[in-house]
Amino acid sequence: TFFNEALVFARKIGHRWLSGISMSTLGYLLYVQGDFGTARTYLEESEIILRPLNDLKHRSLDSLGGIALLQGNHQQAVIYFEERLTNSRQQGNEVDARALSDLGIATIYLRDHTRSAALVSDALIITRETPNLYDKAVCLLAVAGIQPRPRKAVQLLAAAQAAFEASGA
């Protein structure tokens, strides 16, 4: 792929930032395709490069957290998502709904129901004030995921589906 070629070229010329971005992108693509082991390798390597460069925008914490969550390493997922939320705030994004909802989903697996509900509620409040329908759909999915009442969860999933379709994602 072009991303592999970009990585080879970046390494050849010794450009660390471009190498980190290429690995992050490759890792994300592999993550989406379900190749979690290879994805994690690329994403972790990109973190080793991008963390010292203080490149908060291109970090792979959300993907690494997602992989950890899917592989049952819930505590590690919380660590990644907490760092992502901290980085978002350092960038001046005080209100990162997806970071809050991802962290809320991860904390439910640690049986921290109070914290999970607060995080997801905060995320949902933020999405009500933004036109970003994709983030709204992600937050609705998170609310459905922590919802103890099955009928309400089904309603929230339907709302999330509608928001995803409206966002064009």
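Counting begins at 1 with the first residue of the sequence.
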Asks: Is there a chain of hydrophobic side chains (I, L, V, M, F, W, Y, each step under 4.5 Å between heavy atoms) that links Tyr42 to Leu53?
Replies: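 Tyr42 clusters together with Leu53.
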
Asks: Could you give all pairs that pass the salt bridge (charged side-chain N to carboxylate O under 4.0 Å, His left out) test and reach residues 101-125, with sequence neighbours left out?
Replies: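 Listed by first then second residue: Glu82-Arg115, Arg84-Asp102.
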
Asks: Hey, could you give me the CG/CG distance between Leu69 and Asp62, rounded to the nearest 0.5 Å?
Replies: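 Reported value, rounded in 0.5 Å steps: 12.5 Å.
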
Asks: How long is the span from the OG atom in Ser63 to the CG atom in Leu29, to the nearest 0.5 Å?
Replies: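 If I round to the nearest 0.5 Å, the distance is 9.5 Å.
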
Asks: In Å and rounded to the nearest 0.5 Å, what is the CH2 to OG distance from Trp17 to Ser46?
Replies: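 Answer rounded to 0.5 Å: 12.5 Å.
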
Asks: Please list all pairs meeting salt bridge (charged side-chain N to carboxylate O under 4.0 Å, His left out) that have one or both residues in residues 17-44, counting only residues at least two apart or in different chains.
Replies: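 The answer is Arg40-Glu44.
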
Asks: For Leu30 versus Ala39, what's the shortest heavy-atom pair and its separation?
Replies: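 Scanning both residues, the minimum pair turns out to be CB-CB, 3.7 Å.
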
Asks: Are Leu103 and Val78 side-chain neighbours, meaning at least one heavy-atom pair lies under 4.5 Å?
Replies: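 Yes; the side chains approach each other to less than 4.5 Å.
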
Asks: Quick check: closest heavy atoms across Ser101 and Val120, and the distance to 0.1 Å?
Replies: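 Taking every non-hydrogen atom into account, O-CG2, 4.3 Å.
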
Asks: Check whether any side-chain heavy atom of Leu119 lies under 4.5 Å from a side-chain heavy atom of Ile105, and answer yes or no.
Replies: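 A side-chain contact under 4.5 Å is absent here.
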
Asks: Can you name the side-chain hydrogen bond (donor to acceptor under 3.5 Å, both in side chains) partners of Glu83, sequence neighbours left out?
Replies: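 In terms of side-chain hydrogen bond (donor to acceptor under 3.5 Å, both in side chains), with neighbours along the sequence ignored, Glu83 is linked to Arg51, Arg59.
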
Asks: Atom CG of Leu7 and atom OG of Ser22: how far apart are they, to the nearest 0.5 Å?
Replies: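 The CG atom of Leu7 sits 5.5 Å away from the OG atom of Ser22.
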
Asks: Taking all non-hydrogen atoms of both residues, which atom of Gly104 and which atom of Ser116 are closest, and how far apart?
Replies: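 Heavy atoms only, the tightest pair is O-OG, 2.6 Å.
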
Asks: Applying the 4.5 Å side-chain criterion to the ILVMFWY set and letting contacts propagate, would Leu110 and Phe81 be lumped into a single cluster?
Replies: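 Same cluster: Leu110 reaches Phe81 through Ile, Leu, Val, Met, Phe, Trp or Tyr contacts under 4.5 Å.
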
Asks: When rounded to the nearest 0.5 angstrom, what distance separates CG in Leu100 from CG in Leu85?
Replies: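 Rounded to the nearest 0.5 Å, the CG-CG separation comes to 5.0 Å.
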
Asks: If you look only at pairs with a residue in residues 8-34, which of them pass as a salt bridge (charged side-chain N to carboxylate O under 4.0 Å, His left out), with sequence neighbours excluded?
Replies: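 Every pair satisfying salt bridge (charged side-chain N to carboxylate O under 4.0 Å, His left out) with a residue in residues 8-34: Arg11-Glu45.
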
Asks: Hydrophobic cluster mates of Val32, side-chain heavy atoms under 4.5 angstrom, ILVMFWY only, any path?
Replies: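 Other cluster members: Tyr28, Tyr31, Phe36, Leu43, Leu61, Leu64, Ile67, Leu70, Tyr80.
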
Asks: Run the ring-ring contact (aromatic ring centres under 6.0 Å, His included) test against Tyr109 and tell me which residues pass, sequence neighbours left out.
Replies: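 Only His74 meet the ring-ring contact (aromatic ring centres under 6.0 Å, His included) criterion with Tyr109.
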
